[in-house]
Amino acid sequence: MPIAHGEGNYYLPEAELAQLEDKGQVVFRYVDAKGQTTEAANVNGSARSIAGVCNAARNVVGLMPHPERASEPELGSADGRKILESLIRSVVPA
């Protein structure tokens with residue numbers, strides 16, 4: 001998935017990172033093709049390989065990867081479309 005954060009990365013003090021983890025607010029991580037968190041997959045050195053978090057109410061998500069930049073084969077990948085479609089399914093009744 002494309003990223004566009006320049007040199008930015010996710011950082012919080014360790015106690016706050018632990019709180020996010022404990023509350024299940026880490027929703028995306030940088031992982032390799034096998035789904036493993038590795039140093040090579042964590043392209044910007046983000047704390048705990050965090051790529052996205054949500055608020056306590058779980059209705060707001062912030063993420064570094066850009067699924068919209070990988071939503072059509074013409075863009076080089078349609079992998080991001082899965083994320084976008086899941087958002088639509090979560091708010092539009094079947």
Side-chain angles (χ1 to χ4, degrees):
M1 187 116 15
I3 51 175
H5 47 63
E7 296 179 10
N9 63 19
Y10 194 80
Y11 170 81
L12 279 176
E14 189 59 37
E16 292 178 52
L17 287 169
Q19 286 179 338
L20 278 180
E21 298 275 9
D22 291 345
K23 294 178 180 178
Q25 290 178 258
V26 176
V27 294
F28 292 100
R29 292 188 197 275
Y30 295 107
V31 298
D32 64 17
K34 296 180 181 177
Q36 302 297 310
T37 55
T38 65
E39 191 172 318
N42 187 359
V43 295
N44 64 358
S46 183
R48 297 190 185 187
S49 297
I50 294 173
V53 296
C54 68
N55 67 344
R58 302 188 66 78
N59 63 344
V60 177
V61 172
L63 66 150
M64 295 293 271
H66 287 266
E68 75 281 3
R69 294 184 181 181
S71 59
E72 299 289 339
E74 294 80 9
L75 297 173
S77 173
D79 290 347
R81 188 175 190 97
K82 295 174 186 174
I83 293 172
L84 299 172
E85 288 173 346
S86 74
L87 293 170
I88 293 168
R89 283 192 306 273
S90 73
V91 296
V92 176

- In this structure, CD of E68 is separated from CD1 of I83 (nearest 0.5 Å) by 10.0 Å
- Note on the structure: Closest heavy-atom pair, G45 versus N9, reported as atoms and distance to 0.1 Å, is O-ND2, 3.7 Å
- Indicate the atoms forming the closest heavy-atom contact of P65 with A51, along with that distance. CD-O, 3.5 Å
- Measure the CD-OG distance between E39 and S49 for me, rounded to the nearest 0.5 Å. 9.0 Å
- Item | Side-chain touch N44/M64, heavy atoms, less than 4.5 angstrom | yes
- Message: Can you give me the closest heavy-atom contact between K23 and R58, atom names plus distance?
- Response: O-NH1, 4.3 Å
- What's the shortest heavy-atom distance between Y30 and A41, and which atoms? CB-O, 3.3 Å
- Query: Do the side chains of I50 and L12 get nearer than 4.5 Å, heavy atoms only?
  - Reply: no
- Task: Grab the two heavy atoms, one from C54 and one from G24, that are nearest each other, plus how far apart they are.
- Result: SG-O, 4.4 Å
- Item | Taking every non-hydrogen atom, the tightest pair across Q25 and N55 | NE2-C, 3.1 Å
- Query: Are L63 and V27 connected, step by step, through hydrophobic side chains (Ile, Leu, Val, Met, Phe, Trp, Tyr) whose heavy atoms are closer than 4.5 Å?
  - Reply: yes
- d(D79 CG, L84 CG) to nearest 0.5 Å is 11.5 Å
